[in-house]
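Excluded from the calculations below are hydrogen atoms, water molecules and symmetry mates; all remaining heavy atoms, backbone and side chain alike, are included. Just so it is clear, the structure is predicted and the values come from calculations on it, not from any experiment.
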Amino acid sequence: DSGILCPGMAPSSHMLRRDFLLCFTGVVLISACSTARKTSFLGQEMPAQDEIRKNGVVSTLKLDRIIDSTGSGPSFQATFNIRNTSSFPIPFTFPNSQQYDFLIQDDAGQELWKWSDGRFFAMMIVEKTLGGEPWVYRERIPAVDRDGHFLPKGSYTLRARLMGRPAVENYLSFRVD
């Protein structure tokens, strides 16, 4: 949040403006990318994040490692942020009271863990409008499978889904080292 720093920025105003525009264009091109990055996550202290833009909706998925001193193993905080970048409200319809879900998959795409497992949701259609305020869903997620076993070393994907229509999903790949 300290701003954009581009190497080689000249102090003169026309050179500064040109270099800033070149740097800013590169940042926009990078942030418009909609593919998840492979990140060695649980073996590092650095957070991982991905952003996907589609039809006026920007979804951001961020993972922050949490070191658990209780002995229950590593976990992370997942934050799924949904923003409206269009100039009009976007209506969503949810088939029940569940608005989001998080799940962990292995390299083969097999679902190992799901946040909503064992939870109950009211059976009612929910209409909700995404306006100027973002929707933020945050959960602490253990690095375990459905049976409570720690994830072995390897590559995994965390998926975050908005359960309404239109569909919004984001994902990040991470490694357990």
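For R165, there are no side-chain hydrogen bond (donor to acceptor under 3.5 Å, both in side chains) partners, not counting sequence neighbours. In this structure F88 satisfies the side chain to side chain contact (heavy atoms under 4.5 Å, CB included) test together with S86, I90, sequence neighbours excluded. Residues meeting the ring pair (Phe, Tyr, Trp, His ring centres under 6.0 Å) test with F94, sequence neighbours left out: none. Applying the side-chain hydrogen bond (donor to acceptor under 3.5 Å, both in side chains) test to T93 and every residue at least two apart in sequence or in another chain returns E127.
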Donor-acceptor contacts under 3.5 Å from residues 129-136 side chains, at least two apart:
none

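The shortest non-hydrogen separation linking S75 to R140 is OG-NE, 3.0 Å. Nearest heavy-atom pair, T85 versus V58, reported as atom, atom and distance to 0.1 Å: CG2-CG2, 3.4 Å. The nearest pair of heavy atoms linking V126 to S97 is CG2-CA, 4.1 Å.
The distance from the OG atom of S116 to the CG atom of N96 is 9.5 Å, given to the nearest 0.5 Å. One finds the CZ atom of R159 at 4.5 Å from the CD atom of E169 (value rounded to the nearest 0.5 Å). To the nearest 0.5 angstrom, F150 atom CZ is 10.5 Å from D145 atom CG. Here L103 contributes atom CG and D117 contributes atom CG; the two are 9.5 Å apart, rounded to the nearest 0.5 Å. The CG atom of D64 lies 6.5 Å from the OG1 atom of T79; values are rounded to the nearest 0.5 Å. Considering CZ of F80 and CZ of R138, their distance stands at 13.0 Å, rounded to 0.5 Å.
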Hey, mind stepping through F102 and W113 against ring pair (Phe, Tyr, Trp, His ring centres under 6.0 Å) and telling me if it holds? CA-CA 8 Å; F102 291 103; W113 180 89; 8.0 Å; no
Mind running salt bridge (Lys or Arg N to Asp or Glu O under 4.0 Å) on E111 and R146 for me, showing each step along the way? CA-CA 9 Å; E111 188 176 292; R146 278 196 167 97; 2.3 Å; yes
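Between the side chains of Q99 and Y137, at least one donor N or O lies within less than 3.5 Å of an accepting N or O.
In this structure, N84 and V57 have side chains that are not in contact, with every pair of non-hydrogen atoms separated by 4.5 Å or more. Side-chain atoms of I104 and L151, non-hydrogen and from C-beta on, do get closer than 4.5 Å to each other.
At most 12 non-hydrogen atoms from other residues, nucleotides or ligands lie less than 6.0 angstrom from NZ of K54. Within a 6.0 Å radius of CG in N55, other residues, nucleotides and ligands contribute 12 heavy atoms or fewer.
Linking ILVMFWY residues whenever their side-chain heavy atoms come closer than 4.5 Å, directly or via other members, leaves F120 and Y100 in distinct clusters. In this structure, V176 is a member of the same hydrophobic cluster as L112, with clusters built from ILVMFWY side-chain heavy atoms closer than 4.5 Å.
Test N170, D50, N81 against S59 for side-chain hydrogen bond (donor to acceptor under 3.5 Å, both in side chains) and you get one pass: N170.
Sorted by first and then second residue, the salt bridge (charged side-chain N to carboxylate O under 4.0 Å, His left out) pairs involving residues 87-97 (not counting sequence neighbours) form an empty list.
Looking at R83 and E51, a side-chain N of the basic residue comes within less than 4.0 Å of a carboxylate O on the acidic one, giving a salt bridge.
E139 places no side-chain N or O within donor-acceptor distance of the main-chain N or O of I141, the cut-off being under 3.5 Å.
Aromatic ring centroids of F76 and F174 lie under 6.0 Å apart.
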